Amino acid sequence: MMLTCKEFDDFMVDYLGDGLPVWQKYMCWLHVKMCRECAHFVREYKRTIDLGKAAFDDQGDQVPDSVPEELIRAALAHRKNN
Amino acid sequence: MALTRELSAETRQVNGENTSRVVVSAAADKELVDSLRRGEEASYESLVRSFGPQVLAITRRYLKSEADAADCFQETFIAVFKGIDTYAGQSSLRQWVRGIAINQSLMALRKRKRAREESIEHMMPLFDDSGSRVESAGEHQRSSIEAEIDTASLKVSVRQGIDKLPDDFRVVLLLRDIDGLNTRETAAILGIELNAVKTRLHRARTALRYILQPVFGASKS
Ligand SMILES: [Zn+2]
């Protein structure tokens, strides 16, 4: 008995995150194998996750090389005043 | 100064820390924490300079507005200075400071008056009465963001896409997919049920996928 697309969609987070019992995982896997639409959806969904991670890669351009000097001074001044 | 050198070495590390570096980091953490607890002025500055870039990146990520991020940067270091006696060394100092920065950002988000947010309902997939996928939502929407595919502009497009999500969904996506918290940790930090985390995460990823359709379209051709 195959899962419907809607049922598969409800399992998606657990399916991709190893949070499913083996049998349910197998049912999801089978659905993706048999359903072109869901296979396409899963491909883009996974790519979305990867793009999100890459966009905030901490070693990339998201960590500023240096913090504006006034911010550092303000943080240190705050401490002295508190 | 040796301590600063060791800390900046740690700043450059990504994944797969080797054992010797972990030992060096742990030693540097201990030295820094001890001097902070002794109230040595130079150690406060060393802490802010070493961890400041990471803290600022986090506060900018969660708060979007530069002014809010700057305020939260201050709040984070005030909390770090006040809480240094409670640091038990179970995680690295960097991880501990990172946790405080995330917490402070979430507190600031809660306090902030919410801007009107667009619903993401139309970005969800459609199913017919038998539960079959009718179409992947968003396949016909191709024009809301630039479809350039070079790495830098792609990153900008993705960050802008995430920023478009309503806060309830955006924050769960950031905590789970970007900051790497698990479902249980995310539920605890937000005070919501495990299932709510999963539902919000799924809807956030699905909506982001919809927003990124121009990127997928461009990379297919
Ligand atoms: Zn399907």
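Throughout, protein chains are lettered first and strands after them, A, B, ... in sequence-line order, and every chain is numbered starting at 1. Predicted, not measured: the structure shown is a model, and the values here were computed from it.
Looking only at heavy-atom pairs under 4.5 Å with chain B, the residue among A:G52, A:G17, A:P68 that has the most is A:G52. No other option in B:E41, B:R205, B:R49 has as many heavy-atom pairs under 4.5 Å with chain A as B:R205. Comparing B:V48, B:N182, B:T199, B:T183 by heavy-atom pairs within less than 4.5 Å of chain A, the highest count is held by B:V48. Among A:C38, A:C35, A:G19, the residue making the largest number of heavy-atom pairs under 4.5 Å with chain B is A:C38.
If you measure heavy-atom distances from A:R43 to chain B, you find no contacts under 4.5 Å at all. No part of B:L173 comes within reach of chain A, as not one of its non-hydrogen atoms sits under 4.5 angstrom from that chain. Contacts between B:I178 and chain A at a heavy-atom distance below 4.5 Å involve the side chain alone, from C-beta outward. Looking at B:F81, the atoms closer than 4.5 Å to chain A (heavy atoms on both sides) all sit in the side chain, from C-beta outward. The part of B:S130 that comes within reach of chain A is its backbone (N, CA, C, O), which places non-hydrogen atoms under 4.5 angstrom from that chain.
Atom OG1 in A:T48 sits 13.5 Å away from atom OH in B:Y210 (nearest 0.5 Å). To the nearest 0.5 angstrom, B:R61 atom CZ is 6.5 Å from A:F56 atom CZ. Note that NZ of B:K198 is 3.5 Å distant from CG of A:D14, once rounded to the nearest 0.5 Å. Put simply, CZ on B:R133 and CZ on A:R36 are 13.0 Å apart, with the number rounded to the nearest 0.5 Å. The structure places CG of B:L201 at 7.0 Å from CD1 of A:I49, a figure rounded to the nearest 0.5 Å.
Other residues, nucleotides and ligands contribute more than 12 heavy atoms inside 6.0 Å of the CD atom of A:E69. Environment of CD in B:E118: sparse, with no more than 12 heavy atoms of neighbouring residues, nucleotides or ligands closer than 6.0 Å. The 12-atom threshold is exceeded at CE of A:M2, counting heavy atoms of other residues, nucleotides or ligands nearer than 6.0 Å.
With hydrogens and angles disregarded, a donor-acceptor distance shorter than 3.5 Å links the side chain of B:R159 to the backbone of A:A55. A donor-acceptor distance shorter than 3.5 angstrom exists from the side chain of B:Q74 to the backbone of A:A75, with no hydrogens or angles considered.
Contact annotation for residues 3-11 of chain A against chain B (heavy-atom separation below 4.5 Å, listed by residue number): A:T4, A:C5, A:K6, A:F8, A:D9.
Using a 4.5 Å heavy-atom cutoff, the side chains of A:K46 and B:R209 are not in contact.
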Test side chain to side chain contact (heavy atoms under 4.5 Å, CB included) on A:L76 and B:F77; report intermediate values, then the result.
CA-CA 8 Å; A:L76 295 170; B:F77 280 105; over 6 Å; no
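Across B:A70 and A:L71, no two heavy atoms sit closer than the pair CB-CD2, 3.7 Å.
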